[in-house]
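Notes for the one structure printed next.
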Amino acid sequence: MSMSEAKKKTGGLAGVVAGESAICTCGLGNGLNYYGYAIEDLANHAEFEEIAFLLQYAQLPNSKELEEYKNKIIAQRELSENLKTILKAIPKETHPMNLMQTAVAALGALEAEKEDFSNQDEKIIRLLGILPSVLCYWHHFVHFGKEIDFNSNQKSIAGYFLEKLQEQDPKEDFIKAMQCSLILYAEHEFNASTFTARTCASTKSDIFSAVAAAIGALRGPLHGGANEAAMGLIESFSSVEEAIEGVNRKLENKELLMGFGHRVYGLGGDPRNALIKVWSKHLGGETLIFKVSEAIENLMKEKKPNLPPNADFYSASAYHFMGIPTAYFTPIFIMSRVSGWCAHIKEQRANNKLIRPSSEYIGPSPRKFIKIQDR
Ligand code: SDX
């Protein structure tokens, strides 16, 4: 589809094929697949580190490879003293996404990737190991003045994050729900943050700059920030009846319902929704939060079937039921999507061409310059 046809459609490069990739298919009618594996199989039968390995090396690990990979990630959980100094200087009021972006940019300064990218795989594992530590270390320091350590018996990123955030052994079903969420959020083709990462990588910039740029894109409520905004929507209602009335009013006012709609998924819906909804129901199915969520979902199904719930809608209540502060929902998205971003950075590097599209000029015709003294 040409740019002008796409522009007529909705702008935002909708419908434009902006490059080739072997990593993920979504919205093409054959479901959501990472390197050919269906999301349902991955979410129901694997743990997140298997998917992180798949995205990093384009194949699923065997048991020995997974064990070694997990141990490498565990070994990368520590924060350096310099990084702790930087994090301690970031105020409590800071948006956690800016905290995460600062930490990744700081890693680019303190633990730079080699200019020939020969240690890119080590840096990917560093990011997988350190990101949960960054959020938890800052959280406990700015809120309680406490500097946590990074020791843990938890072998998974999911379990380690929950343990360090809440300073207690996480419940098994919380770990399983978090594993599922991390798998669902890991990769999604040329979404805005991934395309940002690829564009940055295409200039031959370093991995930390590309990931920091991607975090900036993910922060927006039209993208990753939607899970936090969806929680705000759900919590704003104190009954199912009030939710139905409120959502109807928002639709009449042409307001956006956060957690619904998708550039790629239409009537067929986002396959990730059903998978995370199972965990939200398991963790809090009898609560008002879940009942309000389901009432909103059913109303949207009836009134706006072309705006299905996306991965963010039930992620919100699932995280809420695990006791995670709403402001940390999108940072969790980073801990997962960093594996997808880095898969695309590696793929871009392997067959690089600077990403530089053209624009359709709609500005003034050529005109005569008038010097400042004559204006
Ligand atoms: C993610 O791309 C990815 O893959 C992203 C992601 C990933 O894994 O990386 O899946 C993660 O970002 C999911 C999306 C999270 N965002 C939200 O939930 C925010 C709410 N959703 C909308 O902002 C919107 O649906 C988008 C941004 C997600 C998609 O928008 P598009 O494709 O640009 O479509 P559009 O904004 O042009 O909307 C078309 C029409 C408009 O109405 P009209 O002007 O034609 O009358 O649908 C309406 C929109 O107003 N609409 C909505 C709506 N989404 C679109 N109306 C109410 N509520 C909504 N959520």
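It should be emphasised that the depicted structure is a prediction, and the values quoted were computed from it without experimental measurement. When a ligand or atom number is given, it counts from 1 through the structure's own listing order.
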Heteroatom proximity flag, [X] to ligand 1, N/O under 3.5 Å:
| X | answer |
| --- | --- |
| D312 | no |
| G259 | yes |
| L257 | yes |
| A192 | no |
| F333 | no |
| R272 | yes |

Could you see which bit of [X] sits under 4.0 Å from ligand 1, with heavy atoms only: side chain, backbone, both or neither?
| X | result |
| --- | --- |
| K304 | neither |
| L256 | both |
| R337 | side chain |

Residue of the set K303, K277, K281, K304 for which salt bridge (Lys or Arg N to Asp or Glu O under 4.0 Å) holds with E297: K277
Is the shortest distance from a Lys or Arg side-chain nitrogen in K164 or D149 to a carboxylate oxygen in the other one below 4.0 Å? yes
Taking the basic N atoms (NZ, or NE/NH1/NH2) and the acidic carboxylate oxygens, is any pair closer than 4.0 Å for K84 and E81? yes
Any luck finding a side-chain donor-acceptor pair between N82 and S80 under 3.5 Å? no
Polar side chain donor-acceptor pair, Q56 to Y69, under 3.5 angstrom: yes
V264 heavy atom under 4.0 Å from ligand 1: no
Do the two ring centres, one from Y265 and one from H188, sit under 6.0 Å apart? yes
